Amino acid sequence: MIKLTERDMKFLLALNETGACNAKLPLTIYPKRYCRTKLEKMEKEKIIIRKYDLITLGIKGKAYLESIGVVPIIVATKPIPAQRRLARASELKYLLPNMKVFTSAEYKKENNLNRGMQFVAAATTADKIAYLIYDVPKILTCEAKTQIIRELKNKRNVINRVIIFTKNKDFVLMLSTSNIYVNELLLIPQKDCFINLLNLMGTGDFDRKIIGVAFPELLENQIFNKKQTQYIVKDNTYINLVLNNLSALDMLRSLDIQAIKTNSTTNQIYNVVCLYSQKLYIQYCIQELHMKKLNVQLTTISDEQISSIE
């Protein structure tokens, strides 16, 4: 049997947090140059099991954990989709160290949610704001797509804030034409800059920090003491769109429709803050709203400005 190193122990303990992981978690612990070889050796020694693109504890891995007083988490009897959700939750724990990440099973039990809901994990920020996290792959069955949209319509008002990781353009289009009733719906490409932004959000007071970069005079304003979709200061409204909040776009559309119906005019300026790298995308999204009454102004901030936030 290979001798377990301190790094091996760290990996097994990380794997045991949920009982399953994917190939990305070991890369956060082992150097890339020999990670694959290390996993092959551990599999050969029955320390881990690799199957269905998942990694779970093997017989000797369980025995090792028991020998140091840790109860092994056994997931082999769970359905494969459930194991994949656990693996994704395990990965998110390491991608989002500034947020407290829960497995979907833990969060459903604690909040009395339907066990069939499709979110893969949940995460809370330092200021106790909770998000359900969904993964939507490029290839998605019609049944799964319909189920996720049904959940996001939120008819029972059990969902408040959502993070969706996706590159599925058809799903994004479907979202834009569906009636989604959640306070905050963040549509996130899984890129480093967005993961960094989520970790910044995890530290709390996110809207003050982001809008304060674009409008420094607002940094000390008490309007940010309570989390909102829009922040109104006299004739200006400020909206944080650096994480592609679709709910904010829907709110703007609704406000414009209401203004058209009542034939009202206003001097209110709607200041939308987004990433410089996302400017064209956000401009396109706003143009697609076909607003006739609202005065929407786009203000961009750079990656360098965000990295300077403490």
Side-chain angles (χ1 to χ4, degrees), residues 9-29 48-58 61-62 64-66 68-137 140-141 144 147-148 150-152 154 156 158-166 182 184-188 190 194-195 198-199 201-203:
M9 297 173 195
K10 182 179 179 181
F11 169 58
L12 290 177
L13 289 170
L15 171 58
N16 198 55
E17 287 185 19
T18 62
C21 74
N22 56 34
K24 294 178 182 178
L25 178 63
L27 288 171
T28 68
I29 297 172
I48 60 171
I49 297 169
R50 293 194 296 173
K51 197 174 184 181
Y52 308 118
D53 294 324
L54 294 166
I55 302 172
T56 56
L57 288 169
K62 297 170 192 174
Y64 167 73
L65 291 176
E66 288 171 343
I68 61 172
V70 176
V71 178
I73 295 178
I74 311 302
V75 300
T77 58
K78 292 181 180 291
I80 297 302
Q83 292 186 43
R84 293 195 190 285
R85 285 195 291 272
L86 289 170
R88 180 59 167 152
S90 177
E91 180 187 1
L92 288 169
K93 284 175 183 283
Y94 284 82
L95 285 175
L96 303 174
N98 290 342
M99 301 181 80
K100 185 173 182 181
V101 177
F102 303 86
T103 67
S104 60
E106 288 172 335
Y107 198 80
K108 288 170 187 175
K109 183 177 180 180
E110 184 177 331
N111 293 275
N112 197 29
L113 297 178
N114 189 309
R115 291 173 62 187
M117 291 180 71
Q118 296 296 300
F119 66 93
V120 298
T124 57
T125 64
D127 37 10
K128 309 299 181 186
I129 297 173
Y131 293 83
L132 302 188
I133 301 176
Y134 287 79
D135 257 341
V136 179
L140 187 69
T141 66
Q147 174 62 25
I148 293 173
R150 185 184 298 122
E151 291 175 22
L152 294 177
N154 201 24
R156 296 185 180 181
V158 296
I159 300 177
N160 195 19
R161 304 180 191 280
V162 170
I163 295 169
I164 299 179
F165 289 104
T166 188
V182 295
E184 193 175 2
L185 197 163
L186 307 181
L187 197 61
I188 309 294
Q190 190 155 323
F194 286 99
I195 297 298
L198 287 175
N199 276 306
M201 183 175 76
T203 64

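Just so it is clear, the model here is predicted, and its values are computed rather than measured. Index from 1, following the sequence.
A pairwise comparison of heavy atoms in Gly202 and Met99 identifies CA-CG, 3.6 Å as the closest pair. Across Ala76 and Gln83, no two heavy atoms sit closer than the pair O-NE2, 3.6 Å. Closest approach of Gly19 to Val75, counting heavy atoms only: O-CG2, 3.3 Å. Closest heavy-atom contact between Pro26 and Cys21: CD-SG, 4.3 Å. Closest non-hydrogen pair, Val182 versus Ile159, comes out as CG1-CG2, 3.6 Å.
For the side chain to side chain donor-acceptor pair (under 3.5 Å) test, residues two or more places apart in sequence or in another chain that qualify with Asn22 are Glu91. With sequence neighbours excluded, no residue forms a side chain to side chain donor-acceptor pair (under 3.5 Å) with Arg84. For Phe119, the ring-ring contact (aromatic ring centres under 6.0 Å, His included) test picks out no residue, with sequence neighbours left out.
At most 12 heavy atoms of other shown residues, nucleotides or ligands fall within 6.0 angstrom of atom NZ in Lys78.
Counting only heavy atoms from C-beta outward, the side chains of Phe165 and Val120 never approach each other to under 4.5 Å. At a threshold of 4.5 Å between non-hydrogen side-chain atoms, the residues Ile163 and Met201 count as touching. Side-chain atoms of Tyr131 and Thr125, non-hydrogen and from C-beta on, do get closer than 4.5 Å to each other. The shortest distance between side-chain heavy atoms of Glu151 and Leu132 does not fall below 4.5 Å. Side chains of Leu57 and Tyr64 form no contact here, defined as non-hydrogen atoms less than 4.5 Å apart.
Looking at Lys93, its side chain does come within 3.5 Å of a backbone N or O of Val101 through a donor-acceptor pair. Side chain of Gln118 to main chain of Gly116: a donor-acceptor pair is present (N/O by atom type, distance under 3.5 Å, no hydrogens or angles). The backbone N or O of Leu95 lies less than 3.5 Å from a partner atom in the side chain of Asn199, making a donor-acceptor pair. Within the 3.5 Å criterion, the main-chain N or O of Ile29 finds no donor-acceptor partner in the side chain of Lys10. Between the side chain of Thr18 and the main chain of Leu86, a donor-acceptor pair closer than 3.5 Å is present.
Ile148 contributes atom CD1, which lies 7.5 Å from atom CD1 of Ile164 (distance to the nearest 0.5 angstrom). Annotation: the span from Leu198 atom CG to Leu92 atom CG amounts to 9.5 Å, rounded to 0.5 Å. To the nearest 0.5 Å, atom OG1 of residue Thr56 and atom CD1 of residue Ile74 are 8.5 Å apart. To the nearest 0.5 Å, the span separating CD on Glu106 from CG on Asn111 amounts to 11.5 Å. Atom OG1 of Thr124 sits about 4.5 Å away from atom CZ of Phe102, to the nearest 0.5 Å. Separation of atoms CG (Leu187) and OH (Tyr134) is listed at 14.0 Å; rounding is to 0.5 Å.
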key: Derivation and outcome, side chain to side chain contact (heavy atoms under 4.5 Å, CB included), residues Leu65 and Val71   = CA-CA 7 Å; Leu65 291 176; Val71 178; over 6 Å; no

Side chain to side chain contact (heavy atoms under 4.5 Å, CB included), that's the test. Do Arg88 and Ile133 meet it? Break it down for me. CA-CA 10 Å; Arg88 180 59 167 152; Ile133 301 176; 5.8 Å; no

Practice task
Give the C-alpha distance, both sets of side-chain angles, the deciding distance and a yes or no for side chain to side chain contact (heavy atoms under 4.5 Å, CB included) between Ile48 and Leu12.
Solution key: CA-CA 9 Å; Ile48 60 171; Leu12 290 177; 4.2 Å; yes

